[in-house]
Amino acid sequence: MAKRIILISSGPVLLALVCLALILAGIGRGGPTYTSADIEQAKAQIFSLIEAGKLTEADAEVDKLVAAGFTGEEKGQAIREIAGKYLNAQQFDKAIGLSDYVLKNWPKADFAVLAGMTMALSQAAKGDITAAEDTTDWLIADYAGDANLPAAIATIADTYCWRKLYDRSERLYSIIIDKSADSSWATKARLGLARVEILTLIEKKKYSLAQQQVDLMAVDFRDEPALQANGGQDLAVALFQIGQEFVWQRRYVEARDAFDQLIEKSPDNSLSQYARLWSARANVCALIWQHKRDEQVIAAIDKMISDFEGDAVLPDALFWISKEYEWAKGPVQDRSGWYDAPNSVYERLVQQFNNTSYSQQAEWGQKRLTHRIKILNLMKEADQNEVDAAIENMVAELKGRPEVAGELCWIAREYEIYPDKHELAKEMYERIIREYPGSVEANEACLDIPRVDIQSLIEAGDINEANKLTDEFISDFNQNPYAGECLGRIAIKYYKTAMPFKVQGRREQTKQYFAKSENLWQWVIDNNFVDNLGEAYFCAATCRQELGRWEDALAYYYKVVDDYNDYEYVCGAQCAIGWSYEVLRDSGKIPKEEANPIIEQAYTAVLTKYPDCYVANYAAFQLAGMMLEKGDKAGAVVYYKMFLELAKPQDVRIASVKETLSRLEGISK
């Protein structure tokens, strides 16, 4: 028999379990005699006490049941079910103790494996994954062939999956497939492996590939007979978790698609109603982050409120939306106006769900935004004394709230926008460190202060001192996970500062700034120091381009397109492949007959994959010119018309394109 390891906590818990062991040792030695009916009654009473939160009373009744002079399997089954109830109530040590008692006294009973499952789940819930794995491996070794084993292992694997322990989950699903190949549990385990693969891709931020796998999974498992017995619950749960994970990553379009797949594949499943609300919520958030007009977003919110009136989860969805609305950065110059819409969502929460936790949180949200708007306006118009007074009013009203450090950090970032307020930004970061030690904002402020110093030097044109402090920053903070984000901001500052030098023809300064920016992005890439390296590769490529290193730039543009196709500006990388080859062609480095097919393919990919992106009009214009050069007048007409649809009204090329288009259409007639 494989060794079963049980880790028991010290202190009061150990004392309680020792007392329990002493009681257990007295089974049949003078305890009250229970009948089967008594056991069922005792179980029902204990269930009620646990559900009511009366745990001390429940423990006392459990002790009586354990001490009862009855050793039939009905008692073991009852105690196993009670252990499960304690697990659900997050009383993990009690669940472990009772499960162990069942396994010791009824090791050959039909429910023994389920008791081991409860033990493993309780150990995992405590965070003791090593003990949970030991218990699971013991079950697999000692209960091979038990009819309940595949279900127990699948439940543990599912739990690991929800806890994002994907490698452990994958191992258990594989064991089920290996040991129960011809059972329905093998099919469920294959679904589990598909689910884990998708969740792992989401975790790695490979969203497009994850979405493709979702579509395959939904098709592959939709009609599996083994998954139909419970109304398609397994597939519905998998799609629901995947949808939620997309939400947590703010990939709202992919999340909405996953929830819609659930609704389509399992319309009568109990999760479908939840999925409908989550889909509506994801749709609204997608509109927010796509920076759609407020009227569109509010209309979607109105529809959601109407469709799900009375749904208990609606307030939570609205609160999430209001926070997303607040966090999203709209493309507007007057950023204070951007807060009007999220404020209106907070207002609805207050009005429609009065005296709930959500309405109370929404009231605080309204207060924060009111302060933000006032402070923003004062920063632009008033003297510093008035700004300081407004900040202190905000701190006083929000005193004790967890958001205060975050609001002060927001103010510091606003100060950074103004070149003459960088010292005020540093003072705000110092205040966060002083008054909110241990907070995330305080830990990040330790890096923000030297970052602001470096950015100020860059703006002032003191590149030598800026370079020196940047190198010191890397040396001091190269193990800090926030350093990557800070270095990205510094790199952007170097890049933006180089642009005016480029316009002025100051070649040496331009080269220095672009080179340092590229150097920093390369450091971020080499050290894997940001969540999504797509931005680092793209920005490094643009620096290489500005430095005239077109071949090197191309390598990184291809890297973005191939490996980071979820990056926000991947369309720019796709388009840059085209214009990079144009430069190489026109400079004579690549023959025209070799470059042109690649250029045409690159621009066509922009219009096919990213028809609404910011460089689509450029791609259409270039393709129209290439069609003319090839003598394809009909093709040129198509692309010129596409350009006119995509071009902004102020585009200086519109008049000449219309003239050319008129001439071409006249020829065709």
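As a basis for the values below, the full set of heavy atoms in this structure was taken, side chains included, without hydrogen atoms, waters or symmetry mates.
Counting only heavy atoms from C-beta outward, the side chains of Trp550 and Leu554 never approach each other to under 4.5 Å. A heavy-atom distance below 4.5 Å is found between the side chains of Tyr346 and Glu326. Residues Asp307 and Lys303 meet the side-chain proximity criterion, which asks for heavy atoms closer than 4.5 Å. Put simply, the side chain of Val284 does not reach to within 4.5 Å of the side chain of Trp320, judged on heavy atoms. Residues Met217 and Leu239 meet the side-chain proximity criterion, which asks for heavy atoms closer than 4.5 Å. The shortest distance between side-chain heavy atoms of Leu216 and Val219 does not fall below 4.5 Å. Phe259 has its side chain out of reach of Arg281: every pair of non-hydrogen atoms, C-beta onward, lies at least 4.5 Å apart. Residues Glu414 and Ile417 form a side-chain contact, since some pair of their non-hydrogen atoms from C-beta on lies under 4.5 Å apart.
Taking the centre of each ring, Phe514 and Tyr494 stay at or above the 6.0 Å mark.
From Glu472, atom CD reaches atom CZ of Phe477 across 10.5 Å, with rounding to the nearest 0.5 Å. Rounding to the nearest 0.5 Å places CG of Asp220 at 12.5 Å from CZ of Arg222. With rounding to the nearest 0.5 Å, the separation of CG in Asn596 from CD in Glu629 is 6.0 Å. Separation of atoms CD1 (Ile492) and CD1 (Ile458) is listed at 11.0 Å; rounding is to 0.5 Å. In this structure, the separation between CD1 on Ile202 and NZ on Lys206 is 13.5 Å, given to the nearest 0.5 Å. To the nearest 0.5 Å, the span separating OG on Ser517 from CD on Glu546 amounts to 10.0 Å.
The main-chain N or O of Leu584 is never found under 3.5 Å from a side-chain atom of Glu551 such that the two would form a donor-acceptor pair. Counting only distance, with no hydrogens or angles, the side chain of Ser662 and the backbone of Lys658 share no donor-acceptor pair below 3.5 Å. No donor-acceptor pair under 3.5 Å is formed between the side chain of Asn519 and the backbone N or O of Ala515. The backbone N or O of Val583 sits nowhere less than 3.5 Å from a side-chain atom of Asp586 that would complete a donor-acceptor pair. Proximity of a side-chain donor or acceptor of Ser279 to a complementary backbone N or O of Ala275 within less than 3.5 Å is not detected.
For Glu441 and Tyr429, the side-chain atoms include no donor-acceptor pair closer than 3.5 Å. Counted by atom type alone, Arg251 and Gln249 present zero donor-acceptor pairs between their side chains at under 3.5 Å. Judged by distance alone, the side chains of Asn467 and Gln512 never bring a donor and an acceptor atom under 3.5 Å apart. With hydrogens and angles left out, the side-chain atoms of Gln244 and Trp278 include no donor and acceptor closer than 3.5 Å. With no hydrogens or angles considered, no side-chain donor-acceptor pair links Gln545 and Arg549 at under 3.5 Å. Side-chain atoms of Thr510 and Arg507 form no donor-acceptor pair, as typed in the model, at a separation below 3.5 Å. In the model, Gln622 has a side-chain atom that pairs as donor or acceptor with a side-chain atom of Glu582 under 3.5 Å.
Counting heavy-atom neighbours within 6.0 Å of Tyr274 OH, excluding the residue itself, gives a total of 12 or less. At most 12 heavy atoms of other shown residues, nucleotides or ligands fall within 6.0 angstrom of atom CD in Glu659. Heavy-atom neighbours of Lys323 NZ from other residues, nucleotides or ligands within 6.0 Å: above the threshold of 12.
When all heavy atoms are compared, the tightest approach of Ile490 to Leu520 is CG2-CD1, 3.7 Å. Of all heavy-atom pairs between Tyr513 and Asp462, the closest is OH-N, 4.3 Å. Leu235 approaches Lys265 most closely through the heavy-atom pair CD2-CB, 4.4 Å. Contact record, Ala620 with Leu607: CA-CD1, 4.0 Å, taken as the closest heavy-atom pair. Minimum heavy-atom separation, Ala258 to Ile242: CB-CG2, 4.4 Å. Nearest approach of Ser272 to Leu262, heavy atoms of both residues: OG-CD2, 3.7 Å.
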Could you walk me through whether Glu416 and Arg451 satisfy the salt bridge (charged side-chain N to carboxylate O under 4.0 Å, His left out) test, starting with their C-alpha distance in whole Å, then the side-chain angles of each, then the deciding distance to 0.1 Å, before giving a yes or no?
CA-CA 11 Å; Glu416 288 187 44; Arg451 173 182 61 76; 2.7 Å; yes
Stepwise, does the side-chain contact (heavy atoms from CB on, under 4.5 Å) test hold for Met304 with Leu318?
CA-CA 9 Å; Met304 186 180 76; Leu318 283 173; 3.6 Å; yes
Which is it for Arg190 and Phe221 under the side-chain contact (heavy atoms from CB on, under 4.5 Å) test, yes or no, and what are the steps along the way?
CA-CA 9 Å; Arg190 283 193 289 272; Phe221 292 96; 4.1 Å; yes
Would you check, one step at a time, whether the test side-chain contact (heavy atoms from CB on, under 4.5 Å) holds for Ser266 with Leu271?
CA-CA 8 Å; Ser266 305; Leu271 281 173; over 6 Å; no
Trace of the ring-ring contact (aromatic ring centres under 6.0 Å, His included) decision for Tyr252 with Phe246:
CA-CA 7 Å; Tyr252 291 115; Phe246 274 129; over 10 Å; no
Applying side-chain contact (heavy atoms from CB on, under 4.5 Å), run through Thr604 and Leu623 and close with a yes or a no.
CA-CA 8 Å; Thr604 302; Leu623 283 169; 3.9 Å; yes
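Applying the salt bridge (charged side-chain N to carboxylate O under 4.0 Å, His left out) test to pairs two or more places apart or on separate chains, those with a residue in residues 641-651 are Lys641-Glu665, Asp651-Arg653. Listed by first and then second residue, the ring pair (Phe, Tyr, Trp, His ring centres under 6.0 Å) pairs involving residues 583-623 are Tyr569-Tyr614, Trp579-Tyr618, Tyr603-Tyr618, Phe621-Phe643 (not counting sequence neighbours).
Between Lys493 and Glu459, at least one side-chain N (NZ, or NE/NH1/NH2) sits under 4.0 Å from a carboxylate O, which counts as a salt bridge. Between Arg276 and Asp260 no salt bridge is recorded (no basic side-chain N to carboxylate O distance below 4.0 Å). The pair Glu324-Arg250 meets the salt-bridge criterion, with a side-chain N (NZ, NE, NH1 or NH2) lying under 4.0 Å from an Asp/Glu carboxylate O. For the pair Lys630 and Glu600, the salt-bridge criterion is met [side-chain N within less than 4.0 Å of a carboxylate O]. A salt bridge links Glu245 with Lys164; the closest basic N to acidic carboxylate O contact falls under 4.0 Å. Using a 4.0 Å cut-off between charged nitrogen and carboxylate oxygen, Asp448 and Arg413 count as a salt-bridge pair.
Among the candidates Thr200, Val214, Val237, the single residue satisfying the side-chain contact (heavy atoms from CB on, under 4.5 Å) test with Arg195 is Val237.
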Using a 3.5 Å cut-off and no angle test, enumerate the donor-acceptor pairs between side-chain atoms of residues 537-544 and protein atoms at least two apart in sequence or in another chain.
{"from": "Thr542", "atom 1": "OG1", "to": "Cys539", "atom 2": "O", "distance (Å)": "2.6"}
{"from": "Arg544", "atom 1": "NE", "to": "Glu518", "atom 2": "OE2", "distance (Å)": "3.0"}
{"from": "Arg544", "atom 1": "NH1", "to": "Asp552", "atom 2": "O", "distance (Å)": "3.0"}
{"from": "Arg544", "atom 1": "NH2", "to": "Gln522", "atom 2": "OE1", "distance (Å)": "3.3"}
{"from": "Arg544", "atom 1": "NH2", "to": "Tyr556", "atom 2": "OH", "distance (Å)": "3.4"}

